[in-house]
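Along the sequence shown, the residues carry numbers beginning at 1.
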Amino acid sequence: MVDRAQATAARRQAFGSTTAPADILQPPRPEDRIDAIETTLVRASQADDNRWTFVLADGSTWRQTDTDRVRIVNREGEAVRVRRGALGSYLLTVGRSGVVRVRRQ
């Protein structure tokens, strides 16, 4: 048996992941759904294809999915927000930077 606080913590940890822990496979009630997470940046790097990879303080890694150019403040500790977008996509913002369309790795 998992209490509500444990289930919420597990949902937050699994946010954006394609694999969810077994104890939270039941769809959450609307009031328990997580639509965004806020954490801080550990590091960000750009690959040869100019797409960004973001490592966040909560242990998650997110990779840019589009090819749009974006300028970010690449500084450890910078505030990061990842929120749900349309059609199952996710949008990441570092500080006051532009929005980056991302997928969790």
Side-chain angles (χ1 to χ4, degrees):
M1 190 69 137
V2 177
D3 70 12
R4 179 181 277 179
Q6 289 173 322
T8 300
R11 281 189 192 93
R12 184 170 303 285
Q13 186 64 31
F15 183 78
S17 178
T18 56
T19 59
D23 60 348
I24 63 164
L25 289 178
Q26 267 193 323
R29 296 176 302 185
E31 63 270 16
D32 292 337
R33 179 182 156 122
I34 296 173
D35 290 318
I37 59 168
E38 293 183 7
T39 185
T40 58
L41 183 68
V42 172
R43 71 178 172 276
S45 58
Q46 252 182 322
D48 292 336
D49 62 1
N50 290 325
R51 293 183 191 194
W52 287 93
T53 299
F54 303 91
V55 178
L56 307 183
D58 66 2
S60 63
T61 301
W62 297 81
R63 173 122 166 96
Q64 183 178 3
T65 59
D66 59 20
T67 57
D68 294 347
R69 291 185 59 146
V70 65
R71 297 181 75 165
I72 65 158
V73 177
N74 189 0
R75 182 175 42 222
E76 183 176 356
E78 195 70 29
V80 174
R81 183 169 194 260
V82 183
R83 63 183 168 91
R84 292 182 189 273
L87 303 172
S89 66
Y90 292 89
L91 305 171
L92 180 144
T93 306
V94 178
R96 294 182 179 209
S97 71
V99 175
V100 181
R101 191 168 302 279
V102 292
R103 176 183 69 243
R104 186 163 178 178
Q105 298 292 296

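- A 4.5 Å side-chain heavy-atom check between N50 and T67 finds every atom pair outside the cut-off.
- S89 and R101 share a side-chain donor-acceptor pair at under 3.5 Å.
- The backbone N or O of T93 sits nowhere less than 3.5 Å from a side-chain atom of R83 that would complete a donor-acceptor pair.
- Between W52 and N74 there is a side-chain heavy-atom pair separated by less than 4.5 Å.
- In this structure, V73 shares a hydrophobic cluster with no other residue, the cluster being traced through Ile, Leu, Val, Met, Phe, Trp and Tyr side chains under 4.5 angstrom apart.
- Applying the under-4.5 Å side-chain rule to Ile, Leu, Val, Met, Phe, Trp and Tyr, the cluster around V55 extends to V42.
- Ion pairing between D49 and R63 holds under the 4.0 Å rule for side-chain N and carboxylate O.
- Note on L91 and W62: separate hydrophobic clusters, where clusters join Ile, Leu, Val, Met, Phe, Trp and Tyr whose side-chain heavy atoms are under 4.5 Å apart, directly or indirectly.
- Atom CZ of R69 sits about 11.0 Å away from atom CD of Q64, to the nearest 0.5 Å.
- Pairing each heavy atom of A44 with each of I72, the nearest pair is CB-CD1, 3.8 Å.
- Atoms CG and CZ, on L56 and R104 in that order, are 8.5 Å from each other to the nearest 0.5 Å.
- Note that the CZ atom of R81 and the CD1 atom of I37 stand 10.0 Å from one another [nearest 0.5 Å].
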TODO: Would you check, one step at a time, whether the test side-chain hydrogen bond (donor to acceptor under 3.5 Å, both in side chains) holds for Y90 with R103?
DONE: CA-CA 6 Å; Y90 292 89; R103 176 183 69 243; over 6 Å; no
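- Distance check, rounded to the nearest 0.5 Å: OG1 of T40 to CG of D58 gives 8.5 Å.
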